[in-house]
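Atoms considered below: every heavy atom in the structure, side chains included; atoms not considered: hydrogens, waters and symmetry mates.
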Amino acid sequence: MLEIRNLHARIVDDGTEIIRGLNLTVKAGEVAAIMGPNGSGKSTLSYILAGREDYEVTEGDILYNGQSILEMDPAERATSGIFLAFQYPMEIPGVATMEFLKVAMNEQRKARGEEPLKIPEFLKRVKEAAASLSMDMAMLKRPLNVGFSGGEKKRAEILQMKLLEPKLCVLDETDSGLDIDALKIVSDGVNALRAPDRAFLVITHYQRLLEHIVPDSVHVLYRGQVIKSGDKSLALDLEANGYAGVIGEAA
Amino acid sequence: MPAVQDTIDRVRKIDVDQYKYGFQTEIAMDKAPKGLSEDIIRFISAKKDEPSWMLEWRLEAYRRWLTLDEPTWARVHYPKIDFQDIYFYAAPKSTPGPTSLSDVDPELLKVYEKLGIPLREQEILAGVQKTDASELEEVSDNVYKSGRVAVDAVFDSVSVVTTFKKELAQAGVIFCSISEAIREHPELVKKYLGSVVPTSDNYYATLNSAVFTDGSFVFVPKGVRCPMELSTYFRMNEKNTGQFERTLIIAEEGAYVSYLEGCTAPQRDENQLHAAVVELVALDDAEIKYSTVQNWYPGDAEGKGGIYNFVTKRGDCRGDRSKISWTQVETGSAITWKYPSCILRGDDSSGEFYSIAVSNGYQQVDSGTKMIHLGKNTSSRIISKGIAAGFSQNTYRGQVSAHRKATNARNFTNCDSLLIGDQCGAHTVPYMEAKNSTAQFEHEATTSKISEDQKFYVMQRGIPEEEAIALIVNGFVKDVIQQLPMEFAVEAQKLIGISLEGSVG
Ligand SMILES: Nc1ncnc2c1ncn2[C@@H]1O[C@H](COP(=O)(O)OP(=O)(O)O)[C@@H](O)[C@H]1O
Ligand SMILES: [Mg+2]
């Protein structure tokens with residue numbers, strides 16, 4: 001489903017190369033975990049997948065369902081099924097969460113040539129999704145992410161993911177800022193979405209999340225490259241011994 | 001459909017600089033000769049069958065105007081206006097004065113239909129659709145609750161029809177064109193006209209006093225709550241014609257009225273002048289809510305054409321505990337020069353100014369308010385949201401002053417500006433003056449650029465760039481949109497989206 005080939009990317013503003021020859025393949029139905037120390041380029045990778053303009057791809061390609069997505073803008077990528085749950089979700093003052101959800105869902109429907117959702121159907125979907133994430137409907141009347149706690153923001157991200165039904169879900173440190181109960185709720189939410197035609201890229205620091213969302217593969221990202229790949233036991237190994245060993249091996 | 005979604009639909013349908021209201025209509029017109037002179041003023045006055053005191057009032061204003069110079073302090077630039085090259089009076093031939101709906105030229109009705117303005121009372125009554133309002137409410141606070149709205153339609157220089165007059169009359173409310181009021185209610189007009197904006201007030205107000213053609217008159221007697229929203233739709237259709245609107249609203253003791261004006265004009269290469277005067281008078285315990293959705297033709301993408309909107313709007317909180325609230329959504333006009341103000345004369349009176357000013361292309365906006373605290377314990381509140389895109393210049397100019405005797409005057413001012421792109425400008429020119437030491441004035445101002453982070457986040461959900469900007473901007477102006485009557489909030493949001501069309505390249 002996703003194939004990243006020898007990707008090189010740099011910051012447009014100052015030319016610093018952040019992604020340096022990254023290779024990664026994720027199949028449909030797969031849950032791939034991306035781990036790595038702070039500053040290794042995990043968030044940058046997620047932004048580049050989503051089409052952020054601050055980064056420029058200088059070499060390599062990103063294929064999604066066999067097609068390069070490099071020429072697509074963020075909205076086009078989203079509509080084609082790529083979803084990013086942000087490490088730091090943005091606040092959108094004055095725009096009720098509910099209103100935002102409706103615009104986003106209907107924009108994507110429109111792009112697929114579907115009719116906008118009728119209000120009762122829309123509400124039904126939102127109520128169900130919110131209930132499954134133990135989110136209060138009253139919160140959804142508030143402007144998106146404004147004054148939300150760290151945990152509430154993360155839940156709101158997963159709520160959007162559920163409602164938009166993407167095919168490639170990139171979760172950037174969704175576990176950070178969550179207490180253990182919230183972590184359970186969010187993980188259950190993600191697990192419920194696992195499907196043969198849907199892939200996940202789960203970016204995390206900690207093994208903790210991977211106890212709840214059990215990955216099919218684990219990849220270590222360091223200095224803009226995948227330096228080691230393995231199965232879920234690699235995550236346990238990293239938890240026990242830290243990154244130093246893996247980094248040493250690669251060097 | 002929630003407003004934002006609707007905005008997006010509308011934006012999508014429109015090409016860059018395609019002004020939706022830009023069509024013009026071929027209607028047989030009755031015009032005064034071009035130019036301005038005492039004879040022209042006599043012509044206008046005669047056309048309107050005015051009493052001689054009115055003509056004298058006009059002529060006096062005209063003689064004063066001849067001695068004045070055009071003001072230059074606003075941050076706007078335009079070539080000198082040739083007042084001899086303007087038609088000061090143009091009226092549809094079939095409409096000698098306000099008539100009943102059945103007498104109105106069908107072509108004219110079509111114009112208003114095209115503009116989406118409901119003039120047929122039957123249809124308005126029948127067409128009320130309270131669809132799933134309660135469900136919508138869960139989605140957004142901006143529920144489109146269809147209510148009844150009485151409309152005065154002004155086409156170039158005359159009012160063509162006013163709806164719901166009978167029903168309003170039963171409540172004691174007078175709602176008619178100012179021309180009709182001068183004939184039918186001269187005692188009220190004499191008492192109040194020019195009592196808030198004197199003929200000597202400023203260059204454009206003086207000009208307006210001399211040549212005003214039509215506008216609305218509202219009188220709400222003591223203790224009456226006006227049973228419906230009142231509104232006037234101004235349409236400038238004729239080429240090279242100025243529109244000189246004059247509106248007068250009086251709310252007697254304890255009365256309440258909410259009034260809205262909407263404005264559109266055809267797309268033309270030449271600039272056209274709209275110089276209006278609006279006066280509001282609120283007596284003890286009265287409240288007037290005045291809203292404007294101004295969408296005059298802004299000119300094309302290169303800055304050619306468009307309306308010069310030079311307007312004097314002032315409310316007089318003459319009575320104790322009276323309240324006047326101005327809300328404006330300014331998206332149109334090539335140049336806007338407009339400062340709806342409140343004179344807080346009565347003790348415990350309050351004034352409000354809520355404004356959204358959107359400028360794109362080569363538009364120039366210089367707008368704001370004056371809050372003049374004269375009475376004791378008076379309060380005022382100013383919330384201004386300026387959005388500048390393209391090559392436009394957007395200035396907030398405000399004045400808050402407390403008189404020596406105005407003990408405990410309070411003001412809160414918040415001016416936020418949002419820039420889209422880096423070729424435009426936003427400016428804030430606040431002026432505060434307290435001659436009484438008990439005054440408490442608070443002022444907040446911010447200028448920000450639309451954040452790339454926010455835009456990226458919104459687009460990541462599948463919302464295309466222009467729609468993403470419209471969404472963020474509509475969030476930015478939410479506080480002001482909420483002040484508009486429900487019926488117009490949705491329309492205003494759509495307009496904002498449309499006005500920003502083409503703001504990203
Ligand atoms: N837009 C940017 N401007 C400047 N530095 C950046 C930018 N984006 C990423 N970086 C730098 O790139 C490196 C990788 O960052 P990031 O992808 O956030 O790491 P991770 O998510 O793995 O912690 C860091 O050194 C970070 O400071
Ligand atoms: Mg990160």
Side-chain angles (χ1 to χ4, degrees), chain A residues 46-47 49-54 73-86 88-112 116-120 122-123 126-127 137-138 140-141 143-146 160-161 163-164 166 170, chain B residues 1-9 11-12 131-144 356 383 385 416 418 446 448 450-482 490 493 496-497 504:
Chain A
S46 74
Y47 288 149
L49 285 172
R52 205 178 157 124
E53 287 172 6
D54 307 43
D73 81 9
E76 290 165 340
R77 296 187 197 197
T79 322
S80 78
I82 298 175
F83 182 91
L84 169 60
F86 285 66
Y88 304 108
M90 294 305 300
E91 300 186 355
I92 313 291
V95 179
T97 306
M98 203 66 136
E99 202 163 303
F100 184 81
L101 291 172
K102 191 154 192 291
V103 174
M105 286 166 80
N106 283 333
E107 272 305 324
Q108 296 211 10
R109 293 177 69 85
K110 186 186 283 173
R112 291 193 296 264
L117 282 172
K118 295 260 188 305
I119 288 176
F122 165 74
L123 284 173
V126 174
K127 278 179 185 158
M137 289 298 282
L140 303 186
K141 290 189 185 177
L144 182 61
N145 294 327
V146 178
Q160 293 173 54
M161 188 169 94
L163 290 168
L164 292 170
V170 183
Chain B
M1 202 188 260
V4 176
Q5 177 56 44
D6 223 25
T7 303
I8 287 163
D9 293 345
V11 171
R12 173 158 295 152
T131 38
D132 32 17
S134 61
E135 283 175 328
L136 258 172
E137 203 157 7
E138 296 196 42
V139 182
S140 160
D141 295 337
N142 294 321
V143 184
Y144 194 98
I356 298 171
I383 308 284
K385 307 276 183 181
D416 295 326
L418 188 68
T446 64
S448 48
I450 223 163
S451 123
E452 286 300 316
D453 289 345
Q454 275 183 332
K455 202 175 82 182
F456 173 63
Y457 182 82
V458 174
M459 288 179 73
Q460 209 300 306
R461 299 318 186 223
I463 302 169
E465 188 170 20
E466 290 209 326
E467 285 79 347
I469 287 175
L471 185 90
I472 294 166
V473 169
N474 270 316
F476 174 75
V477 300
K478 178 74 169 275
D479 296 349
V480 175
I481 292 282
Q482 280 173 334
V490 176
Q493 286 188 312
I496 292 166
V504 286

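Although no hydrogens or angles enter the test, the distance criterion places a donor-acceptor pair under 3.5 Å between the side chain of B:Gln460 and the main chain of A:Ile82.
Heavy atoms only, all atoms of each residue included: A:Val95 and B:Gly475 are closest at CG2-CA, 3.7 Å. Minimum heavy-atom separation, A:Ala50 to B:Phe456: CB-CZ, 3.6 Å. Listed here is the closest heavy atom pair of A:Ala78 and B:Gly462: CB-N, 3.3 Å.
Taking chain B as the reference chain and counting heavy-atom pairs below 4.5 Å, the highest number among A:Asp73, A:Leu84, A:Ile92, A:Leu164 is found for A:Leu84.
Interface residue B:Val458: backbone and side-chain heavy atoms are both found under 4.5 Å from chain A. Contact annotation for A:Glu91: only backbone heavy atoms (N, CA, C, O) come within less than 4.5 Å of a heavy atom of chain B. Proximity to chain B (any heavy atom under 4.5 Å) is shown, for A:Arg77, by neither the backbone nor the side chain. For a residue to count as touching a neighbouring chain, one of its non-hydrogen atoms must lie under 4.5 Å from one of that chain's; by this rule A:Leu144 touches chain B with the side chain only. Proximity to chain B involves both the backbone and the side chain of A:Tyr47, based on heavy atoms less than 4.5 angstrom apart. Using a 4.5 Å cut-off between heavy atoms, A:Pro89 contacts chain B through both its backbone and its side chain.
For A:Gln160, the side-chain hydrogen bond (donor to acceptor under 3.5 Å, both in side chains) partners two or more places apart in sequence, or in a different chain, are B:Tyr457, B:Arg461.
Atom CD1 in B:Ile463 sits 10.5 Å away from atom NZ in A:Lys110 (nearest 0.5 Å). Here the straight-line distance linking atom NZ of B:Lys455 with atom CE of A:Met90 works out to 13.0 Å at 0.5 Å rounding.
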